[in-house]
Structures are given as structure tokens and as C-alpha cells.
Amino acid sequence: MAIRLTDINESKLEQLQGKVMGDVAGSLGLLIAYIGDKLDLYSALAEISPATSQELADSTGMDERYLREWLSANAAAGYVNYDPTAGKFSLSPEQAVIFAAEGHPACMQGFFQAVMSAYVDEPKLTEVFRSGKGLPWSDHSPCLFCGTERFFRPMYAMNLVDAWIPSLEGVREKLQAGAKVADIGCGHGSSTILMAKAFPNSTFHGFDFHEPSIEHARERARAEGVASNTIFEVVTAKEYPGKNYDLVTMFDALHDMGDPVGAAKHIANTLSDSGTFMLVEPFAGDKLEENLHPLGQIYYSFSTMVCVPASKSQEVGLGLGAQAGQKRLTEVLNAGGFSQVRRAATTPTNLVLEAKL
Ligand SMILES: C[S@@+](CC[C@H](N)C(=O)[O-])C[C@H]1O[C@@H](n2cnc3c(N)ncnc32)[C@H](O)[C@@H]1O
């Protein structure tokens, strides 16, 4: 049935307009915050807060007129506070955490960076709708890789060693004693390095097919003093070497793969008989209608622009999507040869599944 514009309900229209205006403001706020991050303006303001735009210009060496407008946009967004009597801008502790506390789980700058990559890559993303082709992970702008690491790492730091590993049956004890672990689709190696630090008796193999990410992971491992019990290699999830792993992990990567069933089969073949596969995926309900909320919007949007194109660029091209949910993920794991799958842990953003042969 064609839509008749004469049927408009004015109050519903106003409500939707208000929502969309908020989204427009948010999309510009994100860009304003991203620029501030690139130029280290929030950290600079945090140091001299409260400050006039001239004082911020003096301390950063940047142009006062641009800074005044940038600070005004931030004040209008509620990202910084403004004192009209003194004409000074300041950051509250909460604002400082969100915009300037690198490594804090509540710092959003990595998230903003990942969103920015989608804006930068928009022409390529629009084109794949027409062609039906995929867009490889490696063809995105580099701020996607940095943003992913920056945003995910603090969450892994908070949950991985203290909550997720203990939620798996007998795994922590094996890691303490000395185990062989593979981390598939490890990206910049945040998860691999965190585990290697916590369990020095174990050996951690980080595998990813994106060469620049693996190079970065190697550098990080050296810098963080875990080069002796980490090995990073450029290889696909269906071809990585080794047998008899006690634990295989995969963080936010299965849904990016073209052939997640093929990857699960290879993982099953490389695990020891009593081994565990820990799969970490974005949290989602099993049905679309369960995911219709702001977090679902964020995940489906990233999935449209990054995850489904990444999957479609690889063989099979299943396009699992970032909101697959436990039921669909379990089907994939069962098809890969895992007979026992259970939910081991959750956070508001992650689903942790334990799979055994
Ligand atoms: C969203 S990132 C997650 C990276 C990392 N696990 C983390 O949590 O920070 C997905 C990763 O999966 C990797 N990936 C996708 N398909 C792959 C495949 N078929 N084989 C190996 N790695 C793959 C990408 O290169 C990328 O590093």
C-alpha cells in the first residue's frame, strides 16, 4: 500500500522529528569529540580546567577562534561545562572519564574512532549494496582497527581474566598450570596479551589474517613484556597450525568470517579431546524484535557497514551478522562439531559461550 502524506499524525511526526534531531546532534557531537581526541584537547582542558578559550589556546598552541567554537559546541552538547560569569570551560570528573581517560572502560573515544571509520568508508559501503559484493576488513580505513582495539581492550581487561575464564569449567586451573592456547581473529592482540600476562606458564598463539594487525600485536607483546609466551601469525581461521590446544578463544570475530562453520570445524579439529572453545560475541537476543533498542541499533549498524561486508568478502560469505544471538551461534557451533554449547557469562554488551566436543 502506498503511503499517503495526508494521513500524517502531527504528534507522531513531532515525536519522530525530536528523536531524529537528537540523532543529528549526536552525530555531530561524535565528530566534535573525535577532533578533540585527535588534538588532545580534552586532556589539555582537564589539566588547566577551568579555562577560557584563550587559556586553552595558550596551553595547546592552537587557534583561539576555532577552540572557542569547539568549546561552545561541547558546552551545548553537555560534553564540557561552561561558567558564563567567568567565561570559563571545565570538565567534570565524569566528562573527563568519557572523553579523556584512555584505557578506562567508560572512555568512548575508541568507539567514536570506529564510528568515524564508517563515515570515511561510506562510498565503498554504499557501493556494496548495489554490487552485493563484500568489503574485506583490510579495506577499511585504519581508524577501524585502532578504534576496535581501543574500545574493546578495556572491556577485556575488566572481564576476561577475572570473569570470563573463571566461568569456563576447569580452564583457569589448566592455564595456571601451563596450557596451549590459540586466540583466533586476534586483531591487535589485546585479548592474547591480557591472557599471556595473567598466565605466564601458558603459551598463547594469536592468529589473524590481517597482516598489519599481527605486526601491531607483535610490537605490543614486546612492549608489554610477554614476547616469550606469545606467538603471532598471519593465517586464516580455517588454516592456522597446531594441534591439541587446551583452549581456543575467539573475540568478536566469528560473525566477521565468511565461513564460520568451516572455522568452527577447524577449531574442533585442533582442540584436545578435553579442550574448550570460548566464543565471545556481541550480546543479542535470538529474534530481531528483542534487539530493537539503542545497543541493537549500534550493533546492526556496525554489522551493516563492517561485519556483513567482511563476511561476504570471504569464501562462503554466510553473513552471520553481529546480532546472531545464542541460538544461531549454537547452530553454527553444532554444525562445526561441538556437541556441548552453553552460555558461560554475559555482560550488557557480550555473550560468552563455552563449546566442547
Ligand atoms: C572485530 S575484529 C576483532 C579483533 C580482536 N579479536 C578484538 O577483539 O579486538 C575481527 C577480526 O577478525 C579477523 N578475521 C576476520 N575473518 C578472519 C578469517 N577468516 N581468518 C582470520 N581472521 C579473520 C579480522 O582481521 C579482525 O582482526
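For the numbers below, each heavy atom of this structure counts, side chains included, while hydrogens, waters and symmetry mates do not.
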Is the shortest side-chain heavy-atom distance between [X] and [Y] below 4.5 Å?
{"X": "Leu351", "Y": "Gln326", "result": "yes"}
{"X": "Ile165", "Y": "Leu160", "result": "yes"}
{"X": "Met62", "Y": "Leu41", "result": "yes"}
{"X": "Asn334", "Y": "Val341", "result": "yes"}
{"X": "Thr60", "Y": "Leu39", "result": "no"}
{"X": "Arg172", "Y": "Leu168", "result": "no"}
{"X": "Thr346", "Y": "Val352", "result": "no"}
{"X": "Asn291", "Y": "Tyr300", "result": "yes"}

Exercise. For atom CG of Asp273, is the number of surrounding heavy atoms from other residues, nucleotides or ligands below 6.0 Å larger than 12?
Worked result: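 Counting neighbours around CG of Asp273, 12 or fewer heavy atoms of other residues, nucleotides or ligands fall under 6.0 Å, so no.
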Exercise. Does atom CD of Glu169 have more than 12 heavy-atom neighbours from other groups under 6.0 Å away?
Worked result: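 It does not: Glu169 CD has 12 such atoms or fewer within range.
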Can you tell me if [X] uses its side chain to pair, donor with acceptor, with the backbone of [Y] under 3.5 Å?
{"X": "His104", "Y": "Ala106", "result": "yes"}
{"X": "Ser313", "Y": "Ala310", "result": "yes"}
{"X": "Ser117", "Y": "Cys143", "result": "no"}

Exercise. Hey, do the aromatic rings of Phe145 and His210 have their centres closer than 6.0 Å?
Worked result: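 Yes; His210 has its ring centre under 6.0 Å from that of Phe145.
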Exercise. Do Trp70 and Tyr34 make the cut of ring centroids closer than 6.0 angstrom?
Worked result: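 Not close enough - the centres of the two rings lie 6.0 Å or further apart.
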Under a single-linkage definition using a 4.5 Å side-chain heavy-atom cutoff for Ile, Leu, Val, Met, Phe, Trp and Tyr, are [X] and [Y] assigned to the same hydrophobic cluster?
{"X": "Val332", "Y": "Met278", "result": "no"}
{"X": "Ile231", "Y": "Phe207", "result": "no"}
{"X": "Leu353", "Y": "Tyr245", "result": "yes"}
{"X": "Tyr299", "Y": "Tyr119", "result": "no"}
{"X": "Leu357", "Y": "Leu254", "result": "yes"}

Side chain to side chain donor-acceptor pair (under 3.5 Å) partners for [X], two or more places apart:
{"X": "Glu281", "result": "His255"}
{"X": "Gln340", "result": "none"}
{"X": "Ser92", "result": "Glu94, Gln95"}

Rounded to the nearest 0.5 Å, what separation is found between the [atom1] atom of [X] and the [atom2] atom of [Y]?
{"X": "Leu295", "Y": "Leu292", "atom1": "CG", "atom2": "CG", "value": "12.0 Å"}
{"X": "Arg218", "Y": "Phe232", "atom1": "CZ", "atom2": "CZ", "value": "9.0 Å"}
{"X": "Thr230", "Y": "Asp183", "atom1": "OG1", "atom2": "CG", "value": "11.0 Å"}
{"X": "Asp246", "Y": "Thr203", "atom1": "CG", "atom2": "OG1", "value": "10.0 Å"}
{"X": "Cys186", "Y": "Met195", "atom1": "SG", "atom2": "CE", "value": "9.0 Å"}
{"X": "Met116", "Y": "Leu31", "atom1": "CE", "atom2": "CG", "value": "5.0 Å"}

Problem set entry | Asp252 vs Asn350, side-chain contact (heavy atoms from CB on, under 4.5 Å): CA-CA, chis, key distance, verdict | CA-CA 9 Å; Asp252 280 296; Asn350 284 110; 3.5 Å; yes
Looking only at non-hydrogen atoms, find the nearest pair between [X] and [Y] and report the distance.
{"X": "Ser202", "Y": "Leu175", "result": "OG-O, 2.7 Å"}
{"X": "Ala75", "Y": "Phe89", "result": "CB-CE2, 4.2 Å"}
{"X": "His140", "Y": "Pro136", "result": "CD2-O, 3.5 Å"}
{"X": "Ala86", "Y": "Thr52", "result": "O-CG2, 4.4 Å"}
{"X": "Ile32", "Y": "Ala73", "result": "CD1-CB, 4.0 Å"}
{"X": "Ile267", "Y": "Met250", "result": "CD1-CE, 3.7 Å"}

For this session: Please list all pairs passing the ring-ring contact (aromatic ring centres under 6.0 Å, His included) test where one or both residues lie in residues 153-175, with sequence neighbours left out.
Result: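 Applying ring-ring contact (aromatic ring centres under 6.0 Å, His included) to every pair that reaches into residues 153-175, excluding sequence neighbours, yields Phe152-Tyr156, Tyr156-Phe251.
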[X]: ring pair (Phe, Tyr, Trp, His ring centres under 6.0 Å) partners, not counting sequence neighbours:
{"X": "Tyr79", "value": "Phe99"}
{"X": "Phe338", "value": "Phe277"}
{"X": "Phe111", "value": "Phe151"}

Residue pairs fulfilling salt bridge (Lys or Arg N to Asp or Glu O under 4.0 Å) with at least one residue in [range], sequence neighbours excluded:
{"range": "residues 143-162", "result": "Asp37-Arg150, Glu102-Arg150, Glu149-Arg220, Arg153-Glu224"}
{"range": "residues 39-66", "result": "Glu55-Lys88, Glu64-Arg68, Arg65-Glu69"}
{"range": "residues 129-145", "result": "Glu127-Arg130"}

Exercise. Side-chain donor-acceptor pair under 3.5 Å between Asn74 and Tyr42, yes or no?
Worked result: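 The criterion, which ignores hydrogens and geometry beyond distance, is satisfied for Tyr42 and Asn74.
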Report all side-chain donor-acceptor pairs from residues 235-242 shorter than 3.5 Å, counting only partners two or more places apart or in another chain.
from   : atom 1 : to     : atom 2 : distance (Å)
Thr236 : OG1    : Lys238 : N      : 3.4
Thr236 : OG1    : Glu239 : N      : 3.3
Thr236 : OG1    : Glu239 : OE1    : 2.7
Lys238 : NZ     : Asp259 : OD2    : 2.7
Lys238 : NZ     : Glu315 : OE2    : 2.8
Tyr240 : OH     : Thr270 : OG1    : 2.5

Exercise. Going through the checks in order, is the side-chain hydrogen bond (donor to acceptor under 3.5 Å, both in side chains) test met by Gln15 and Ser11?
Worked result: CA-CA 6 Å; Gln15 209 181 350; Ser11 105; 5.4 Å; no
Problem set entry | Charged N-O contact under 4.0 Å between Arg328 and Glu331 |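 Here Arg328 pairs with Glu331 in a salt bridge, since their nearest N and O are under 4.0 Å apart.
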For this session: Could you check Met257 against Gln314 for side-chain contact (heavy atoms from CB on, under 4.5 Å), going step by step and ending with a plain yes or no?
Result: CA-CA 7 Å; Met257 294 179 183; Gln314 299 181 26; 4.2 Å; yes
Problem set entry | Derivation and outcome, side-chain contact (heavy atoms from CB on, under 4.5 Å), residues Thr249 and Thr276 | CA-CA 8 Å; Thr249 58; Thr276 303; over 6 Å; no
Only distances under 3.5 Å count here; give the side-chain donor-acceptor pairs of residues 316-323 to other protein atoms, sequence neighbours excluded, each with its distance to 0.1 Å.
from   : atom 1 : to     : atom 2 : distance (Å)
Gln323 : NE2    : Phe283 : O      : 3.0

